[in-house]
Amino acid sequence: MTQDVIKVTINNKDIQVPKGARLIEVCRDSGFDIPSFCYYSDLALQASCRMCLVRIEKMPKLQTSCTITCTDGMVVTTQSEEIEKAQRAMVEFLLANHPLDCPVCDRGGECELQEMAFDWGGLEERFTEKKNYYAERYLSPMVANDPQRCILCKRCTRVCDEWMGEDAIEAGGRGANTVIGTYGGWLDCSQCGNCIEVCPTGTLLDATYRHQARPWELAQTVSTCTYCSDGCQMSLGARGGELMRVVARDRYVNGLNGEFLCIKGRFGHPFVNHEARIRTPMIRYKKGGKLIPATWDDAIRHVASKLDSIANKHGRNSIGIVGSPRLTNEALYLLKKFATDLIGTDNYAVTDSVNLTPFFANLGAPLATHRDIRYAKTIVLIGGEPEELQPLTGKQIRQAVRNGGARLIIFNSVPIRLREQASQFIHIRPGAEEAAVLALAGGATDSLVSRKMGIETAELEKVRGTINETEGDLIIMFDGSLSAAAQSALAQLSYLLRADNRRVLFHPLPLYNNSIGALDMGMTNGAIDVTQMLDAAGRGIRAVCVAGSFLPEQLRGREESLAKLDFLMVQELFETDTTSFADVVLPAASFAEIDGTFTNNDGFVQRVRQSIPPVNQSKADWMITDQLARELGVEFGFGMSASAVFNEIAMQVPGYAGLRYPLLKDESKPVQVKHDIAVQRDISNELETVRTAVEQMDESPEKHNDTPDVGHELFKIRTLTDKVAQFHLLAAGNPRPESLNVSPLYQITLSDDLRAEAVVAGD
Amino acid sequence: MHIEAIGCEPLQLRRVHLENSRTLEVYRRNGGYEAIKKVLDSMSPDDVINDVKKSALRGRGGAGFPTGLKWSFVPKDSPKPKYVVCNADESEPGTFKDRYLMERDPHMLIEGMLIAAYALGAKTNYIYTRGEYRYLIDIMDQALAEARAAGLLGEKILGTDFSCEIYTHTGAGAYICGEETALLSSLEGMRGHPRMKPPFPAVSGLYACPTVVNNVETLTAVPDIIKMGGEAYQKLGTEKSGGTKVWSVSGHVNRPGVYELPMGYDDMEKFIMEDCGGIANGRQLKAVIPGGSSVYIMRAEAVIGKDVRMDYEGLVAGGSSVGSGGFIVMDDTVDIFESTKNLTEFYKHESCGWCTPCREGTDWLVKIFKRIDNGGGRADDAQLMLDLCDNIEGKSFCPLGDAAAWPIQSAVKRFPEDFAKHLVGSRKE
């Protein structure tokens, strides 16, 4: 594709730029610094700060370069006495009512206004009047607000509207009395905190980090989020072995998410240094007894001898090895190697609720990246609720629709919030997601599919019409509700739906930060899955080693299983239902304490970097496995080096061939795993299986008609979010405190009852 | 209040003095709805636009943009609906002509809008009235109901294929909503902030559709243009400023009121001293703000004996501009420092807060005025004010910043003595 190139002259320098380029970007790319506050790439233009003024020949006044589209022959001056006076004047105006007490402001040291005042401000303060004053206040448990520091760039209101689709904050009042505020005085939103992130001054502040540290005291470490499968890049700010905050500010990190994070990524980190972290290895010397603290050597020796004797007595397959999809690739790889090469058991599994193996086995097209989603032309979403479970994907979908004009087709049994962005929302019966695959693959008549879904057949015709009209990328997203046969058929849809001018990409929506990595490391192809392993406890399975814990839904109805085991070893951060049955508990290090990699739902392998030393006596999961192997007489030979483990992954796992940590260094250029693309094949057997299942579907279930509340998944209290007091307030309905000037944590007592209610409500 | 047309036949003010002037019956008896009939019977939309172009009618809201040209910017082939919006957000201090016209002759506005809607192919049209003019909405709604009942509004107007509807809408009391793009934002239900131009409303206005926003007086001029023909209308005024202009005169004259003058009326001194009855209480003329608060203030010396012609070019030559025609006369009792402080407080109050220079600049200026007023004046304050105005002028997002700067700049420069006496050593007792 050739792009028209035009010539602009900036400060007497001729520059070739693509037609339609934005002047401010062209100037900056050409080395001419243009100051700005309100301009923010990929947000609606604002042109209100008036910092980016330039002189353009044949135009009467100074022009805001953020609003100017370059035209051929344009002659621009960005540096002159006139422009400098205007820019100094704007800084002077902005500082007029702004408190000049940077040393007590949380943003001091990384404040754009502060930097702008240094670079472009005047030396002398001419404003000698009284400043307008507003009291500091809280907008929510997460967001603190100091209105008088606001320069009204409105990045916050725009990200709230354009990124989040929530429109929870807006300006109130007028003129110099304009104040950014909420509707009703208390923020009722998903509490993503992106308004805090994009705020150039100390107006919107992280209420969980407030007055805890100064930015320059923090060591910034770029790492990958440990919550969902989107794999947002973040900067961990640590001081003295304590993780103080998480940000995605572009001065520290430039990942696939830009400055976006969700509530969990941004505020969900206090578990890392939480007092409830398991402090030492512990051994339960007899069933029903207490866990007694032990040294690492004793604990590992105890585990090794137990595993040895059980293997000898009941055979190698009596030992189950289980890993969490939250672990790094390095930990999962080593766990698999430990299971197959050392123990020699076929019974290894991941505590994930979804297994995407059939999908990847038949994958007919590459995975869509988040950038692909932003610029997609049509997005088909089958099941799932990305705005709660994969928030970055949700944001990309919203922007694709709002800013890119993409068409969004949703098949869902629940009227999720994202339907407001959809060009077509197909409200199906619960459990009928399979039928959507059948319809897209043409595996059944429209009348069967629509009857089972409980929709009009015209809806399906409309879907096909939209797909046929699509020129550009068609992205198919799906969650874990699809059966193995449906996943296989879906993975081959790319061959059916592609065209000369249409590319088909897939975007699976697994739940965990390393669900895809666990699959790539081979942990999902064991002989049995987690629930089968639990069901076999005490019979075929005698001992289990778990890195992580079983999910509550996996243990539900199997409460007795763990007690039936001869031996259970658990590597964990916190005591859980699983550790309460453990014979040995080993303290594992969290994502902030280790090096490694996660593989996200784009297939990007991204670095996890150590920000703080392991808390208490914890160790990285892979090192625990390594140490246990050594005790069992096998030296893996990785020493203390996670990169050595990764090098072996690159040799053993085909999609990771050639990768090395140095190649993954730049988070702004993430590297995609080369998942095997399966050739087109006959999928009639799979479609037959799906059709049979669809034919047997019950047509009686009522559709869900209530749109779930914002945060019904995000605010859920689980093992990690349980450690953040603010999450308990949110899970309890985010009550508005009596005074907005004091942190709600000091005003609202979370009684044991409220806490219990919160857990139930969130579950 | 004195009502008079001077130097021309009353066009805008033709019916305002009649009993029941706001009724359809009186309007029709006095030539009303003849223009729309002529348009529907014998003119194409292009004929109408050409006639308005020939009339040299310029927007009467303040900016003075040629109306016919504005109309011709609306893309004819656009598949989107088009809108005509009447800007009745008359908020410029010193201006009360639109209020008077709507109050006394609402059907004239309706007819003007019908003709504009026909010319531009608009089916839905709005009259956006400032919040403080709530009572005018009732008058307009009543007139619209009368017109609708008489087949002059709604489906198949006057039995032709032309259908169109007009709705009234009130603002919530913001001066900025008189700026056409802020008006459209407000009309859409959003905060009354101005929008970026381009795109101009003619291409992407109300609901991102082609829209023409015209002042009340602009639209009420249209029926007469159609009736007498564009050229005849133009000849009432000057070559570049056709027709007549309604001036709302306030301040220290013996006969304040609403005056209709031909464009190019000669001259301002005669207008003040004779037509408006001269300065009240036998005092001396000190200053004139001829076009609403946003224009340059003029010294008496720039008016007396200077033969200032009252049209766009003449007033610019005289050191000010027509603006909205809010003609404020001040006698020698007025302290220009005080009057400028008053105006600056208005602009500070009405700055929408969108852009930095206008929001912070007007706030700062008011604080300086207050400090001086409290006896804290400093010798360099006048220069500081001028510099702040310079930093606002031409750098704000919309013209409100300029409008706030101009009165201060002109007052400080043209009445330095009134400022000087407030500065050093003048602490009030």
Side-chain angles (χ1 to χ4, degrees), chain A residues 36-38 44-53 55 59-64 66-69 82-83 85-98 113 116 122 124 126-132 150-154 157 161 167 170-180, chain B residues 172-177 182 190-199 345-372 374 376 378 380-381 383-385 387-402 404:
Chain A
S36 76
F37 288 110
C38 68
L45 291 174
Q46 177 91 357
S48 67
C49 75
R50 317 306 284 180
M51 283 300 300
C52 66
L53 295 169
R55 170 63 68 184
M59 288 198 180
K61 300 191 282 193
L62 292 177
Q63 300 290 321
T64 44
C66 68
T67 61
I68 300 289
T69 305
E82 168 197 42
I83 294 166
K85 177 174 190 293
Q87 285 164 339
R88 285 187 188 282
M90 295 312 133
V91 175
E92 184 180 37
F93 280 140
L94 288 172
L95 289 175
N97 278 310
H98 188 95
L113 182 59
M116 203 75 86
E124 185 195 359
R126 294 193 295 175
F127 184 88
T128 57
E129 322 303 328
K130 197 168 182 244
K131 290 175 191 276
N132 298 337
C150 183
I151 58 169
L152 289 170
C153 68
K154 293 197 183 162
T157 64
D161 184 16
D167 217 353
E170 185 46 279
R174 195 168 70 188
N177 300 318
T178 311
V179 175
I180 298 294
Chain B
Y175 172 68
I176 189 64
C177 292
M190 296 188 284
R191 274 174 76 82
H193 280 311
R195 300 177 181 175
M196 212 125 49
K197 292 194 234 180
E345 282 172 350
F346 169 80
Y347 287 107
K348 185 235 157 174
H349 185 252
E350 295 298 344
S351 171
C352 76
W354 182 265
C355 74
T356 306
C358 178
R359 177 183 71 237
E360 301 296 337
T362 54
D363 184 60
W364 189 347
L365 284 161
V366 165
K367 285 171 178 170
I368 296 173
F369 270 110
K370 284 187 173 164
R371 171 167 53 75
I372 296 172
N374 289 331
R378 300 172 197 144
D380 55 359
D381 275 338
Q383 192 51 46
L384 177 61
M385 282 198 252
D387 193 51
L388 293 181
C389 288
D390 183 53
N391 288 343
I392 298 171
E393 187 194 6
K395 284 139 197 114
S396 57
F397 185 89
C398 83
L400 195 144
D402 297 341

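Reminder, nothing fancy here: chain letters follow the sequence lines and each chain counts from 1. Basis for what follows: all heavy atoms, side chains included, without hydrogens, waters or symmetry-related copies.
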Worksheet entry | D387(B) and K85(A) ion-paired at < 4.0 Å | yes
Worksheet item: Can you tell which of G192(B), C358(B), S396(B) has the highest number of heavy-atom pairs within less than 4.5 Å of chain A?
Response: S396(B)
Item to complete: Decide yes or no for R359(B) and L94(A): does some side-chain heavy atom of the first lie under 4.5 Å from some side-chain heavy atom of the second?
Response: yes
Worksheet item: Any side-chain heavy atom of T64(A) within less than 4.5 Å of one from F397(B)?
Response: no
Worksheet item: If you tally heavy-atom pairs under 4.5 Å against chain A, which of E360(B), K367(B), R195(B), E350(B) wins?
Response: K367(B)
Response to the item:
With F369(B) as partner, the option from E345(B), K348(B), M385(B) fulfilling side chain to side chain contact (heavy atoms under 4.5 Å, CB included) is M385(B)
Discussion item. Between H193(B) and chain A, with a heavy-atom cut-off of 4.5 Å, which part of the residue counts as in contact: side chain, backbone, both or neither?
Written reply: side chain
Worksheet entry | Under 4.5 Å from any heavy atom of chain A - which part of L388(B) | both
Fill in: Residue S48(A) versus chain B: region with a heavy atom under 4.5 Å
both
Practice prompt. Check each atom of D402(B) against the heavy atoms of chain A and say whether the ones under 4.5 Å are side chain, backbone, both or neither.
Written response: side chain
Discussion item. Given heavy-atom pairs under 4.5 angstrom as the criterion, report whether the side chain, backbone, both or neither of T362(B) touches chain A.
Written reply: neither
Response to the item:
Counting heavy-atom pairs under 4.5 Å with chain B, the top scorer among L152(A), L62(A), T178(A) is L152(A)
Discussion item. For chain B, which candidate among E170(A), Q63(A), E92(A) shows the most heavy-atom pairs at distances under 4.5 Å?
Written reply: E92(A)
Practice prompt. Tell me, for K130(A) versus chain B, whether the close heavy atoms (under 4.5 Å) come from the side chain, the backbone, both or neither.
Written response: backbone
Worksheet item: With distance as the sole test, does K61(A) use its side chain to make a donor-acceptor pair with the main-chain N or O of K395(B) at under 3.5 Å?
Response: no
Discussion item. To the closest 0.5 Å, what do you measure between CD (E129(A)) and CG (L365(B))?
Written reply: 10.0 Å
Fill in: Nearest-0.5 Å distance that lies between atom CZ in R50(A) and atom SG in C66(A)
7.5 Å
